[in-house]
Amino acid sequence: MTCALAAMLASCGGGASKENGREPQELSGAGATFPLPFYNVVFEKFGQVNSDFVAYGGIGSGGGVRNLRDKIVDFAASDAFLSDKEMAEIKNPVIHVPTCMGAVVLAYNLEGVEKLNLSGDVIADIFAGEIKMWNDARLAALNPDVTLPAEAIIPVFRSDGSGTTFVFTDYLTKVSPMWKEKFGAGKSVNFPSGQAAKGNPGVAGIIAQTKNSIGYVGSEYAFAQKIPYARIANQRGELVEPTAASISAAASGEIPTDTRCSITNSDAEGAYPISTFTWIVIYKEQCYSDRSKEQAQATLDLLHYILSDEAQGITSEVHYAPLPAKAKELSKQNLKQVTYEGVAVLQ
Amino acid sequence: MNDKLYKALLFIAAMVMPVVCGGVVYALATDAYAAFEHFGFLKFLTSSEWSYTEGAEQYGALPFITGTLMTTALALLFCIPFSLPVALFVGEYFKGTRIAAILSTVTDLLAGIPSIIYGLWGFYTLRPLIMALNISPQGSGVLTASLVLAIMIVPYAASLSAEFIKMVPNELKEGAYSLGATHAEVIRKVVFPVAGSGIFSSYILAIGRALGETMTVTMLIGNTNNIPESITSTGNSMASIIANQFGEADDLRLSSLIAIGLVLFLITALINMIGKIMIKRARIA
């Protein structure tokens, strides 16, 4: 009822209508900081097409999902897809749309060490506090060409709940039975040693400033601060650097219809093992909290723009990777189910 | 008529603050209730587990209460050697001179610097120094946070102490001098005993400031959810755990964070109250 009224009021607005027949809209979203550098570019470019304005708050994946549950945003962005339990808590059905792919990198600060190789079980033991020194025999075995210092390792992790932590611990859970049993995967995990900082920029800042530290961050953040990051052995034992190609390779497997899937520890050739999709989550029924039909349309226009070749082309410029064709196709199908007052928005 | 209206308006305006204060306590208490009910009030205060494992969530405030008390106590300790000399300089030795006025203005200026600036200074200047001196490998920790906190609370302790030192009656001091006491003896035997409870209360107010400081501590304490093993270890204070985790928290964790907020509020209120009582006593004396 309120939505119908809002829609009526909006349609009475008149004024110059644009080429796709709707007024410029203001959209608001909140969530993950991991894809923020990509979203900053994409949202601005989207705004140029139809004078729409997208306000995005990088408050963390969990915060974004909570805002969506409280119905105060048009969309939420999250690096961790909603669990079945979260989907149940949110009550109304939602749709996940992957927007790009990214890597969580192990960034480190070691004087004179330009190349570092790591494997999943070694990473798990470092963050569990089992491997304490840089010159540990297992690290030395992975890095025969490098002299690692006899210094204590300082693991750096997130102090706030985060999708990046989820992706990282999801990977560790798959490669280390010890990690699975003791710590598990989640947006907040009890890391036993080291030090923590808030947000991807916070962790990157600490690593850049702290000798002998190592931490996990979204690849773009390591790149922006010019912090070196490690090559990681994947399931096939190949040492892989995070690049657009190696991240895309991780998604070459099956993708479920609702696109909710983890692609960490992929067994594909050349796949970077800590890769992830990052999603935008919207309600299937777009009529809530006085939103107008035009706002619903604008939301879908935005998502279609993100799935377009133009926007996907931007991904690799900002150190993410484009979506595989399958994910785009599935998302376009899923978006057809979006309704406004029960009527499909896309005809 | 006019007078009555004026009185009524004044009464309403004055009542707003107690109502707001009561409202804050009420809101904190209602939202914190779930945590206290789930864990038990005492167990919540004394448990050191802060574990997110779904289904078996355990939230205890002890690591953060410890972190807050450690940073505050250390800050107080580090602040005394700086604030007391300033107070004596301004209030006794160079009382009323130009240089005292300059010094007290500069000290007061410290109070006006935003805490984020202190945090940045601590992060980019003090932290590397602590690493370079090999005091702790990661640089962040209780000690680093306390050192910066100490500088932040110097103006609060120094200006108020100076006021109380100035208030010591001249007759008393002159009496001591006439008996042949040195300047140092006058300060120890006359100024401190007379202004003592006033000086004490000014430090209590400085403590109140240090207890709740959030930004600086969050940037420097290392943000780990364990009881600090030593003063160079990382930890979390009550204010910093709230700042760190509020954005993502819901249900029981949110309630636990609010409960920590309530406990912090009560501790701060208690300490301020002690300070007020001491000031009153100082005035009467």
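Below, read A as the first sequence line, B as the second, and so on, with proteins coming before strands; counting in each chain starts at 1. As the structure is a computational prediction, the values presented were derived from the model and not from experiment.
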Subject >> Interface moiety of B:N244 toward chain A, non-hydrogen atoms closer than 4.5 Å >> reply: both
**OP:** Using a strict cut-off of less than 4.0 Å between a Lys/Arg side-chain nitrogen and an Asp/Glu carboxylate oxygen, indicate whether A:R138 and A:E130 qualify as a salt bridge.
**Re:** no
**OP:** Before accepting this row, confirm whether a basic side-chain N of the pair A:E86/A:R260 lies closer than 4.0 Å to the acidic partner's carboxylate O.
**Re:** no
Original post:
Backbone N or O of A:F166 within a donor-acceptor pair of the A:T169 side chain at under 3.5 Å?
Top reply: yes
Original post:
Using non-hydrogen atoms only, which part of A:N212 is less than 4.5 Å away from chain B: side chain, backbone, both, or neither?
Top reply: neither
**OP:** Name the option with the most non-hydrogen atom pairs under 4.5 Å to chain B; the candidates are A:K211, A:Q209, A:K198, A:R158.
**Re:** A:Q209
Subject >> Residue that, paired with A:I214, satisfies side-chain contact (heavy atoms from CB on, under 4.5 Å) out of A:V156, A:L118, A:I123 >> reply: A:L118
**OP:** Apply the test ring pair (Phe, Tyr, Trp, His ring centres under 6.0 Å) to residues A:F157 and A:F127: give CA-CA distance (whole Å), side-chain angles for both, the deciding distance (0.1 Å), then the verdict.
**Re:** CA-CA 9 Å; A:F157 52 92; A:F127 278 85; 7.6 Å; no
**OP:** Look at A:G62, A:G63, A:S159, A:G199 and state which one has the largest set of heavy-atom pairs under 4.5 Å with chain B.
**Re:** A:S159
**OP:** Please state whether the side chain, the backbone, both or neither of A:S188 comes within less than 4.5 Å of a heavy atom of chain B.
**Re:** both
Subject >> Contact class of A:I154 relative to chain B, heavy atoms under 4.5 angstrom >> reply: side chain
Original post:
Top residue by heavy-atom pair count (under 4.5 Å) with chain A, among B:S140, B:P128, B:G139?
Top reply: B:S140
Original post:
Under 4.0 Å between a Lys/Arg side-chain N and an Asp/Glu carboxylate O for A:K132 and A:D136?
Top reply: no
**OP:** Check whether A:V65 gets within reach of chain B through its side chain, its backbone, both or neither, counting any heavy atom under 4.5 Å.
**Re:** neither
Original post:
When the ring planes of A:F75 and A:F43 are compared, do they come out parallel, tilted or perpendicular, using 30° and 60° as the limits?
Top reply: perpendicular
Subject >> Most contacts with chain A, counted as non-hydrogen pairs under 4.5 angstrom, among B:S233, B:P137, B:G222 >> reply: B:G222
**OP:** Give, as side chain, backbone, both or neither, the part of B:T234 having an atom under 4.5 angstrom from any heavy atom of chain A.
**Re:** side chain
